[in-house]
Each structure stands twice: as structure tokens, then as C-alpha cells.
Amino acid sequence: MRSHYCGQLNETLVDQTVTVCGWVHRRRDHGGVIFLDMRDRDGIAQFVVDPDTAEAFANADRSRNEYVLRITGSVRLRPEGTQNPDMPTGMIEVLSQEVEILNAAATPPFQLDDHGKVGEEVRLKHRYMDLRRPDMIDRLRLRSRISHSVRAFLEQQGFLDIETPVLTRATPEGARDYLVPSRTHPGEFFALPQSPQLFKQLLMVSGLDRYYQIAKCFRDEDLRADRQPEFTQIDIEASFIEESDIMGITESMIRQLFDEVLNVSLPEFPRMTWHDAMRRFGSDKPDLRIPLELVDVDDLMKDVNFKVFSGPANADDGRVAALKVPGGASLSRKAIDEYTDFVGIYGAKGLAWIKVNERAKGIEGLQSPIVKFMDGIIDDLLDRLDARDGDIIFFGADKAETVNEAIGALRVRLGADLELYNQDWAPLWVVDFPMFETDDKGRLSPLHHPFTAPACTPDEFRHDPANALSRAYDMVLNGTELGGGSIRIHDWQMQSTVLEILGIGEAEAREKFGFLLDALQYGAPPHGGLAFGLDRLVMLMTGANTIREVIAFPKTQSAACLMTDAPGEVTAEQLKDLNIRLRQKAKKAEDSSE
Ligand code: ASP
């Protein structure tokens with residue numbers, strides 16, 4: 001139907017006849033001549049229709065925004081003074097001979113140019129209109145290039161693209177399952193996969209050796225953060241490998257991706273232990289673009305006459321950490337109050353601070369509500385932090401977990417507010433994670449998932465599982481976890497032990513993971529892998545603000561689709577087929593029969 005996309009028209013086509021198909025972006029009637037800005041996925045170009053071509057003119061006259069047209073005409077240079085060098089097609093226009101209306105359009109729910117002013121709800125409800133906007137199209141195009149680059153790299157490295165089931169059994173990745181009732185097995189349910197974890201491991205048992213899949217995963221989580229109930233992973237697994245092999249391959253993959261798609265050459269990926277990351281940055285996904293670090297000062301605070309500090313400094317699970325912000329003494333009282341509220345979100349009960357106005361003047365040169373308690377240690381403190389005139393020092397004192405979360409988050413917030421970034425891209429690997437976390441009741445739960453191998457011998461592991469490290473690794477970029485994975489347990493006895501330590505008894509283990517435990521007994525190779533969150537990767541690479549901006553049809557924070565109105569009710573017949581009776585419906589029926 002067409003010879004060119006609108007966005008492809010330029011000076012090289014002058015005097016040629018072209019045919020485009022697209023949408024009326026804007027129509028201007030200049031008394032006798034009609035100008036149509038025509039838009040398709042490649043861009044916008046200007047078409048001129050004059051009354052000499054009567055039929056074309058009549059159709060252009062009837063057209064409104066978002067009408068679908070097919071136009072044939074000849075390309076010419078725009079008259080002097082009307083050229084627009086900022087537009088790729090801005091030097092030319094098309095003198096139209098034929099204008100065919102392929103379809104009319106109702107008045108759009110919002111002006112595509114004006115989307116900034118319309119709420120996200122309206123955009124999501126009419127997503128097919130929202131996706132007509134060039135910046136949405138550009139992001140989806142980049143997304144497509146990213147998956148293409150990843151596929152090409154992995155294929156070239158001998159990885160096979162293998163699909164795994166969507167109707168399956170639960171895979172524990174720490175979230176709630178989406179369940180699908182079975183009609184043929186009344187009362188039984190499939191779970192949608194939280195990840196293809198177990199299937200990819202089984203493919204290794206089968207000897208497929210190298211697997212990848214761009215896979216949909218489903219997690220029924222509270223969507224407070226920027227998450228989606230269904231999201232996409234670049235899922236990878238390989239056999240006969242160790243950590244360094246798989247980290248090397250995937251690091252090359254990401255490096256090549258950034259080079260190909262963004263023309264960015266990523267710096268070295270340093271490796272940092274989980275323990276160091278928590279200590280220095282209060283986070284297991286530190287943003288290394290921000291040159292601020294948490295510094296331990298527990299030893300100095302043990303004997304100060306200030307319970308808020310001396311308490312945590314002397315407690316086993318406490319921590320007192322300082323965060324120095326060079327030049328931060330100029331922060332206003334109001335800004336500090338805001339940061340105090342901010343750390344409160346993470347459970348911190350306050351935010352102590354010291355402004356270093358003039359260090360040479362000793363205590364006099366400091367400004368702080370707490371400096372009176374620091375007698376005797378202030379010089380050591382300032383020396384340890386290498387504090388200079390003009391700096392501010394913030395303190396976190398609480399349970400180590402709270403300090404890490406609160407001061408870690410403050411560090412990231414200050415980095416953004418004060419524009420402290422000293423590089424564009426800061427990747428790293430975080431390694432040596434603990435196997436488990438311990439909850440208030442002393443119960444262990446896996447930090448990754450229960451198929452991750454411990455880093456110690458089976459005997460050491462059984463002796464002290466709570467303190468075991470795992471063979472897991474996360475790739476982090478600019479404070480975002482891009483991907484994570486591990487070397488897996490390939491010994492069925494070790495797998496049984498881990499399940500047992502997690503409080504999953506033998507019968508339950510057999511019921512839930514019998515197929516895996518069996519498979520591990522039929523010659524399972526050493527194997528491992530990882531998965532990258534594709535949506536998050538695209539978000540970082542496009543600079544989008546939310547994950548919803550890089551997904552064609554995303555769901556809202558409450559896990560609904562505003563466009564299709566999913567989830568929706570189903571008919572009584574469908575429920576009957578599935579052997580399901582709804583509690584609320586049942587109640588209504590009971591009420592009415594009374
Ligand atoms: N299945 C893991 C996840 O979804 C990734 C992996 O261990 O490969 O986080």
C-alpha cells in the first residue's frame with residue numbers, strides 16, 4: 001500500500017512520487033491550502049493539498065486528527081523560511097495528488113502531544129492511542145533491539161532457546177502464586193511460573209547444556225514498588241560451569257548490548273561481597289555513581305553519654321554509622337527536616353547531624369544538636385571521616401538492619417538531590433551472599449531460592465546453616481539489580497538437606513519437589529545460571545521513569561488492566577465447569593433463599 005514510511009522522507013527524494021499510509025497528526029487549513037502532518041511509527045512529515053486536486057482536497061478537508069489516510073504525491077523542498085531543521089523530514093513536504101481516507105476516527109480521548117497533562121489512568125485506558133506517541137514507539141523499538149541483541153549473543157555462544165510451560169506447579173521465588181483452576185482435575189490448580197527455575201535445571205539434567213529463554217514470569221506481590229504482576233526475564237542456565245564462567249558470559253552479553261544499542265562502553269565490573277556492600281553502602285545493590293560511603297563509628301560511640309548512640313554501639317545487632325556529605329553544611333534546616341522524615345519511612349527514629357563550619361575552631365566551629373555529647377571523641381570522629389569545612393555528617397544508630405536501610409536510602413536520595421553522580425554507568429557484581437535470612441522467630445528463609453548451592457562443604461553447611469554463604473551472584477547497575485543467579489545444588493541429598501533446614505518436611509518436599517529430587521538422582525551435572533529482568537534493563541537503557549513506560553500493555557499498581565478491565569467476572573457456567581463456588585456469591589444466594 002505504501003512506498004515509504006513518513007519518517008523516511010527527506011531531501012534525497014525530491015521530485016519523486018511517494019505513497020505513505022498513516023494518521024493525521026495535525027491538520028491546518030490555510031485558506032485554500034490544507035496542510036496535513038502525517039504520522040506513522042517512523043515519524044511525521046508534512047503534506048500539502050491544494051484545491052486543484054479536487055477529490056484529494058475534499059478528502060483532506062473532511063479529515064480530522066487521527067483519521068487514517070493513504071496519500072500519494074511528489075516530494076519537494078519546502079519554501080525558504082518554512083524549513084524546520086529540527087525535524088528529520090523538516091526540509092521537505094509532499095505535494096499531494098491523491099488522498100484516500102482509509103478510516104475515520106472519533107475525537108481522541110487526549111491530544112497525543114499533550115499526554116504530559118493527562119493522567120496515567122487515561123493513557124492506560126486508551127493505551128493503543130498512547131502507544132501512537134513517538135516516545136512510546138521509540139522505547140518499544142529499543143526494547144526490541146535489546147532482546148534481539150541478547151538473543152543474537154546467546155545463540156552465538158551456543159545457548160538454545162527453549163520454551164517452558166506456563167501452566168505448571170509452584171516455583172518458590174518468594175512471592176505468592178497466580179493460580180489457574182483445572183477443569184479436568186476438579187479442585188486442583190496450576191500455578192503460573194514465578195520463574196522457569198526448575199524447568200531450566202531439568203533441561204540441564206537432560207543434557208541440553210546451554211539454555212535461554214525470554215520468559216514471562218508471574219508473581220502476585222503487593223505492588224508497592226515499581227513492579228508488575230507479569231514481567232519478562234532473560235533466563236539463562238548452563239552446565240559444567242562455575243561462577244566465573246557464567247558471570248563472564250553474561251557480563252560480555254551486557255557489555256555488547258550497551259555497545260550495540262547505546263554506543264556505551266561499560267567500565268569494569270568490580271566484585272564486591274554482600275557483606276562489604278551492606279557495610280559500605282547499606283544496600284545489596286549499591287549505586288556506585290554516588291561517591292558517599294557509610295563509615296562505622298560504633299567503637300567511638302560505646303561510651304558517649306548519649307543513649308541513642310551508645311545503645312546500638314554496644315548491642316550485638318546494633319550499628320552506628322556516619323555518612324559524610326562534602327559541601328553539605330549548606331543544607332537548610334528545612335532540607336534536613338525533610339531528610340529526617342525520609343529516613344523515618346525506613347524505620348529510623350531520627351537523623352542526627354553535625355555541620356562542620358570551621359574545623360580549626362574545634363567544637364565552636366561545629367553546629368549540631370548532638371555535639372555536646374561527643375566530648376572526647378570528636379577529633380577522632382572527624383579524623384576518621386576526614387571531615388573538612390563545609391561538610392555535613394549524618395548519623396544512623398539503631399539495629400544494623402534499620403541503619404542500613406535508612407542511611408543506605410538517604411545516600412541514594414542525597415546522590416539524586418545534590419546531583420553527586422560521578423559517572424553515567426556504574427556496574428558491579430555482588431557476591432558471597434548469605435544462604436538464608438533469619439526472621440524474628442528464628443526461622444530461616446532463602447535469600448535467593450532454595451536451589452542455590454552453599455559455598456561450603458556439606459559437613460560445614462549442616463553444622464552451621466544459618467551462617468553459610470551461598471554461591472549466588474547479582475549484577476547491579478546504577479543501584480538497580482539487573483539480574484541474579486547462582487550455582488545450583490546438583491546433589492539430591494544436599495537439596496533434601498536445604499529443604500529440611502527450611503522446615504519443609506520429607507512428605508511436603510516429595511509432594512512439591514519430588515520430580516526435582518528424582519531428577520537429581522539420575523545424573524545431574526553441575527550447573528548454574530541467572531536471570532535478568534528485561535523490563536528493568538530496558539527502563540535503565542531508555543531512561544524511562546517507571547517500568548510501565550517500557551511495557552506495551554502494563555497493569556496498574558493494583559494489578560489490573562484498565563483497558564481490557566481484567567481481571568473480570570466469569571459466568572456461572574464457567575465456574576460450574578471449574579467446580580468453583582464463590583464465597584460472596586454463595587452468601588448472596590443464601591440470603592435470598594431465607
Ligand atoms: N530464578 C531466579 C529468579 O527468578 C534466577 C536464577 O536463579 O536464575 O530470580
Side-chain angles (χ1 to χ4, degrees), residues 154 157-160 162 164-165 168-174 193-213 215 233 235-250 429 431-436 444-465 468-475 483-506 508-532:
L154 291 170
Q157 295 286 325
F159 286 81
L160 305 180
I162 303 172
T164 54
T168 177
R169 280 194 83 105
T171 317
E173 296 278 2
Q194 291 187 32
S195 83
Q197 184 61 34
L198 294 177
F199 288 103
K200 68 174 173 175
Q201 289 192 234
L202 294 174
L203 289 171
M204 296 304 106
V205 177
S206 307
L208 269 304
D209 200 70
R210 287 184 165 207
Y211 142 98
Y212 81 97
Q213 182 183 194
Q233 280 188 348
D235 196 40
I236 298 172
E237 195 78 3
S239 296
F240 305 109
I241 52 146
E242 295 187 329
E243 289 88 328
S244 55
D245 302 303
I246 191 75
M247 287 161 79
I249 293 173
T250 50
W429 285 104
V431 297
D432 291 351
F433 285 81
M435 272 295 270
F436 305 112
L444 299 179
S445 60
L447 215 69
H448 272 87
H449 50 57
F451 316 108
T452 301
C456 51
T457 65
D459 277 350
E460 284 166 346
F461 178 68
R462 282 183 194 103
H463 183 245
D464 187 11
L469 295 182
S470 73
R471 297 180 70 184
Y473 33 78
D474 275 3
M475 189 193 281
S486 57
I487 299 299
R488 325 297 185 187
I489 298 167
H490 67 278
D491 174 279
W492 76 271
Q493 274 166 327
M494 176 56 95
Q495 187 62 73
S496 306
T497 307
V498 168
L499 294 176
E500 193 186 309
I501 285 168
L502 292 172
I504 301 176
E506 213 178 306
E508 190 185 345
R510 275 241 55 90
E511 208 273 312
K512 286 186 171 154
F513 308 116
F515 63 102
L516 174 74
L517 295 171
D518 286 346
L520 293 181
Q521 292 178 60
Y522 287 104
H527 63 287
L530 83 176
F532 290 94

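Positions are given from 1, in the same order as the sequence printed here. Values below: all heavy atoms of this structure, side chains included; hydrogens, waters and symmetry mates excluded.
Here the straight-line distance linking atom OH of Tyr473 with atom CD1 of Ile246 works out to 5.5 Å at 0.5 Å rounding. Separation of atoms CH2 (Trp492) and CG (Leu516) is listed at 12.0 Å; rounding is to 0.5 Å. For the atom pair Thr457 OG1 and Asp459 CG, the distance stands at 5.0 Å (nearest 0.5 Å). Distance CD1/Ile241 to CD1/Ile249: 7.0 Å, rounded to 0.5 Å. For the atom pair CG of Leu160 and CG of Leu208, the computed distance is 6.0 Å after rounding to the nearest 0.5 Å. The OG1 atom of Thr497 sits 4.0 Å away from atom CZ of Arg462, with the distance rounded to the nearest 0.5 Å.
Closest approach of Ile501 to Pro465, counting heavy atoms only: CD1-CB, 3.6 Å. Closest heavy-atom contact between Glu173 and Gln194: N-OE1, 3.2 Å. Here the closest heavy-atom approach between residue Asp474 and residue Gly484 is recorded as OD1-CA, 3.2 Å. When all heavy atoms of Val205 and Ala519 are compared, the pair lying nearest together is CG1-O, 3.7 Å. The heavy-atom pair separating Asp235 from Ala531 by the smallest distance is OD1-CB, 3.4 Å. Among all heavy-atom pairs drawn from Pro165 and Pro193, the shortest one is O-CG, 3.8 Å.
Evaluation of the salt bridge (Lys or Arg N to Asp or Glu O under 4.0 Å) rule for Glu243 yields Arg471 as partners, not counting sequence neighbours. Asp491 meets the salt bridge (Lys or Arg N to Asp or Glu O under 4.0 Å) test with no other residue; sequence neighbours excluded. Applying the side-chain hydrogen bond (donor to acceptor under 3.5 Å, both in side chains) test to Asp464 and every residue at least two apart in sequence or in another chain returns Asn467. Qualifying salt bridge (Lys or Arg N to Asp or Glu O under 4.0 Å) partners for Arg210, counting only residues two or more places apart in sequence or in other chains: none. Phe451 meets the ring-ring contact (aromatic ring centres under 6.0 Å, His included) test with His449, Phe513; sequence neighbours excluded. Judged as a side-chain hydrogen bond (donor to acceptor under 3.5 Å, both in side chains), and not counting sequence neighbours, Ser244 has no contacts.
In terms of modelled atom types and a separation under 3.5 Å, the side chain of Lys200 and the main chain of Tyr212 share no donor-acceptor contact. Judged by distance alone, the side chain of Tyr211 and the main-chain N or O of Phe159 form no donor-acceptor pair under 3.5 Å.
Counting heavy-atom neighbours within 6.0 Å of Glu242 CD, excluding the residue itself, gives a total of 12 or less. For Glu508, the CD atom is densely surrounded, since the number of other residues' heavy atoms within 6.0 Å is greater than 12.
Here the side chains of Thr452 and Phe433 are not in contact, with every heavy-atom distance at 4.5 Å or above. A 4.5 Å side-chain heavy-atom check between Leu499 and Lys512 finds every atom pair outside the cut-off. The side-chain heavy atoms of Phe461 and Val498, taken from C-beta on, include a pair separated by under 4.5 Å. Put simply, the side chain of Ser486 does not reach to within 4.5 Å of the side chain of Ser470, judged on heavy atoms. Taking the side chain as every heavy atom from C-beta outward, Glu511 and Arg169 approach each other to under 4.5 Å. No side-chain heavy atom of Leu520 sits under 4.5 Å from any side-chain heavy atom of Met494. No side-chain heavy atom of Pro526 sits less than 4.5 Å from a side-chain heavy atom of Ile487.
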For this session: Begin with the C-alpha distance, continue with both residues' side-chain angles, and end with the deciding distance and a verdict on side-chain contact (heavy atoms from CB on, under 4.5 Å) for Met247 and Val431.
Result: CA-CA 11 Å; Met247 287 161 79; Val431 297; 3.7 Å; yes
For this session: Please report the C-alpha distance between Arg488 and Glu237 in whole Å, then the side-chain angles of each, then the deciding distance to 0.1 Å, and finally whether the side-chain contact (heavy atoms from CB on, under 4.5 Å) criterion is met.
Result: CA-CA 10 Å; Arg488 325 297 185 187; Glu237 195 78 3; 2.7 Å; yes
Problem set entry | Steps toward side-chain contact (heavy atoms from CB on, under 4.5 Å) verdict (Asp245, Phe240) | CA-CA 9 Å; Asp245 302 303; Phe240 305 109; over 6 Å; no
Problem set entry | side-chain contact (heavy atoms from CB on, under 4.5 Å) assessment of Thr164 paired with Gln213 | CA-CA 8 Å; Thr164 54; Gln213 182 183 194; 3.0 Å; yes
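In summary, the side chains of Gln233 and Ser195 do not present any donor paired with an acceptor at a separation below 3.5 Å, with no hydrogens or angles considered.
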